[in-house]
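Both counts, for ligands and for their atoms, begin at 1 and track the order of listing. Keep in mind that what you see is a predicted model, and the values were worked out from it rather than measured. For the single chain, residues carry numbers from 1 onward in sequence order.
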Amino acid sequence: MANKEDKFKKVIAHAKEYGYVFQSSEIYDGLSAVYDYGQNGVELKKNIRDYWWKAMVQMHDNIVGIDAAIFMHPTTWKASGHVDAFNDPLIDNKDSKKRYRADVLVEDYVGKLDAKIEKEVKKAAKRFEDAFDKDQFLSTNPRVLQYKEKGDAILKRLGRSLENEDLADVKALIEELEIACPLSGSKNWTDVKQFNLMFGTKLGASAEHATDLYLRPETAQGIFVNFLNVQKTGRMKIPFGIAQTGKAFRNEIVARQFIFRMREFEQMEMQFFIKPGTQQEWYKYWKEHRLKWHLSLGLGEDNYRFHDHEKLAHYADAAADIEFRFPFGFKELEGIHSRTDFDLAQHEEYSGKKLQYFDHEENRSYVPYVLETSIGLDRMFLAVFSNSLQEEVLEDGTTRDVLKLPAVLAPTKAAILPLVRKDEGLVKMSKDIVNDLKWDFSVAYDEKDAVGRRYRRQDAAGTPFCITVDGESLENNTVTIRYRDTMEQKRIAIDEIKAVVKEEVDVKNWLMKM
Ligand code: GAP
């Protein structure tokens with residue numbers, strides 16, 4: 001695949017062609033930054049959610065789940081700071097009339113410096129071959145150090161200006177860096193202004209008696225307001241966590257990049273309640289633990305990196321992103337935030353209810369501190385999907401599109417193919433296999449077209465196994481099992497299929513890699 005842009009276009013087209021992601025309300029020309037998941041997409045999304053839930057809730061005896069409502073009392077958002085501080089700094093280009101997030105324009109500029117560093121690394125790796133030491137190169141090469149120093153200084157200044165609400169300096173920075181509108185190339189910018197991202201709605205039958213509500217911009221607050229309910233009814237002892245997955249809504253202005261930045265999206269969040277003063281140690285623990293979860297899926301260690309925040313959200317005393325190498329570069333995939341007692345203390349103040357924990361060991365009550373892990377399910381979907389889509393040149397010179405999804409996440413685990421569809425014996429045997437396997441796995445039956453074309457179709461849809469039933473199957477109860485990634489084919493007994501597939505798709509075998 002040629003360049004990044006082509007690769008990304010291919011990802012979007014493939015997601016549509018194979019029933020993963022559709023533009024919302026497409027017959028009406030769609031709705032910007034809103035997407036629907038198709039028959040395969042919904043399964044992949046569910047499998048990612050389950051993989052997260054199993055790792056976070058089922059495998060931790062001190063973490064439980066909840067499912068809070070999307071609508072919350074409007075004071076929630078006053079207390080959480082979202083009414084006053086959940087803003088994006090926006091800037092308009094006077095010539096193209098396009099609106100941008102000012103911080104994203106600057107970050108994209110720094111991203112280009114990072115790309116230059118990567119280019120230098122590639123060049124040097126080629127030149128020095130086996131003798132190449134990447135860490136040494138990164139810490140000594142003058143050109144790399146210059147790019148890095150420049151990028152760090154820019155991000156530091158951006159962080160400081162945003163922290164101090166010095167929007168004039170953010171504009172000055174954009175002008176000094178000579179950042180141009182990506183669409184028109186013009187450098188004719190307006191001032192930077194703040195814009196609240198929450199969607200408002202109304203609850204009630206008549207206009208006069210309606211209550212103004214917000215669609216939740218994060219799922220976390222549903223956890224905070226239920227902190228005492230869960231702690232008391234579950235007799236939870238600190239440290240303990242509450243997890244939830246669910247929809248969140250943000251009126252995003254920079255709504256490009258497919259499902260990376262959506263207006264309606266799903267989060268998977270966990271709030272871990274801890275003793276004040278222990279946040280450093282838990283912050284380190286959850287950063288490492290979450291990275292291990294990502295690495296267990298085998299998308300490649302080089303595709304992840306941490307980005308420690310300079311600019312902290314209004315609630316945090318430390319924060320880092322796990323960034324992933326998307327087709328358009330490294331971007332945030334998950335956030336790990338040390339939220340102090342900000343949220344619970346705020347809810348205490350605004351509700352007038354005590355939200356404290358009595359620590360029997362210390363014989364005192366306190367407002368717990370919170371360590372949060374927060375990942376966008378749709379963003380994780382994009383990470384998995386884009387990384388898995390590969391175009392391979394085969395030995396005979398032809399190419400194949402193959403979606404090398406981690407088998408544990410694949411929507412369909414195996415496709416059962418009778419070699420010849422007109423042979424009733426093969427069809428019956430294939431359907432019997434489907435009916436047996438479907439108790440344990442999601443499987444598909446496919447009889448249309450020559451078997452080679454069916455293999456290609458299943459490769460492109462991401463199915464890890466094809467099981468072909470042929471004349472020999474009728475004689476000795478064996479089938480051919482074909483592996484999507486290697487295209488290797490093996491003859492196995494029908495009785496063995498379940499065990500062979502289970503070995504490769506079993507969540508336990510994948511999570512054990514953590
Ligand atoms: N409770 C903390 C919180 O919401 P965040 O960094 O604003 O923190 C957490 O969001 C994660 O949610 C992000 O790392 C990202 O994966 C996902 N996310 C945020 N905004 C999104 C959007 N507009 N579209 C898709 N995913 C989004």
Are any of the side-chain nitrogens in Asp191 or Lys171 under 4.0 Å away from the carboxylate oxygens of its partner?
yes

Pick from Gln257, Met270, Glu332: the one approaching atom 6 (O) of ligand 1 most closely through a non-hydrogen atom:
Glu332

In terms of its nearest heavy atom to atom 7 (O) of ligand 1, the top option of Glu218, Arg250, Arg216 is Arg250

Rounded to the nearest 0.5 Å, how far does OH of Tyr369 lie from NZ of Lys275?
13.5 Å

Which of parallel (below 30°), tilted (30 to 60°) and perpendicular (above 60°) describes [X] and [Y]?
X      : Y      : value
Trp286 : His289 : perpendicular
Phe381 : Phe385 : parallel
Phe240 : Phe227 : parallel
Phe326 : Phe328 : parallel
Phe199 : Phe249 : perpendicular

His337, portion touching ligand 1 at heavy-atom distance under 4.0 Å
side chain

Contact partition for Arg261 relative to ligand 1, non-hydrogen atoms under 4.0 Å
both

Over-ring placement of Lys284 relative to Trp282, 6.0 Å and 45° cut-offs
no

Do the numbers put Lys287 on top of the ring of Phe306, so that NZ or CZ is under 6.0 Å from the six-membered ring centre and no more than 45° off the axis?
yes

Numbering the atoms of ligand 1 from 1, which are under 4.0 Å from a heavy atom of [X]?
X      : value
Glu334 : 14 (O)
Arg339 : 1 (N), 2 (C)
Glu252 : 20 (N), 22 (C), 23 (N)
Phe260 : 24 (N), 25 (C), 26 (N)
Glu269 : 1 (N), 2 (C), 3 (C), 4 (O)

Check the pair Glu264 / Arg250 against salt bridge (Lys or Arg N to Asp or Glu O under 4.0 Å), numbers first and verdict last.
CA-CA 7 Å; Glu264 173 181 342; Arg250 296 182 188 178; over 6 Å; no

Quick test: of every protein heavy atom, which one is nearest to [atom], and how far off is it to 0.1 Å?
atom                    : answer
atom 15 (C) of ligand 1 : Arg379 NH1, 3.5 Å
atom 2 (C) of ligand 1  : Glu372 OE1, 3.1 Å
atom 24 (N) of ligand 1 : Met262 N, 2.8 Å
atom 12 (O) of ligand 1 : Gln267 NE2, 3.3 Å
atom 9 (C) of ligand 1  : Ser374 OG, 2.9 Å
atom 18 (N) of ligand 1 : Phe265 CE1, 3.5 Å

Using distance alone, determine whether Gly376 and ligand 1 share an N or O pair under 3.5 Å.
yes

Is Leu333 close to ligand 1, meaning an N/O of one under 3.5 Å from an N/O of the other?
yes

Assess, by modelled atom type and distance only, whether the side chains of Glu269 and Ser374 contain a donor and an acceptor separated by less than 3.5 Å.
yes

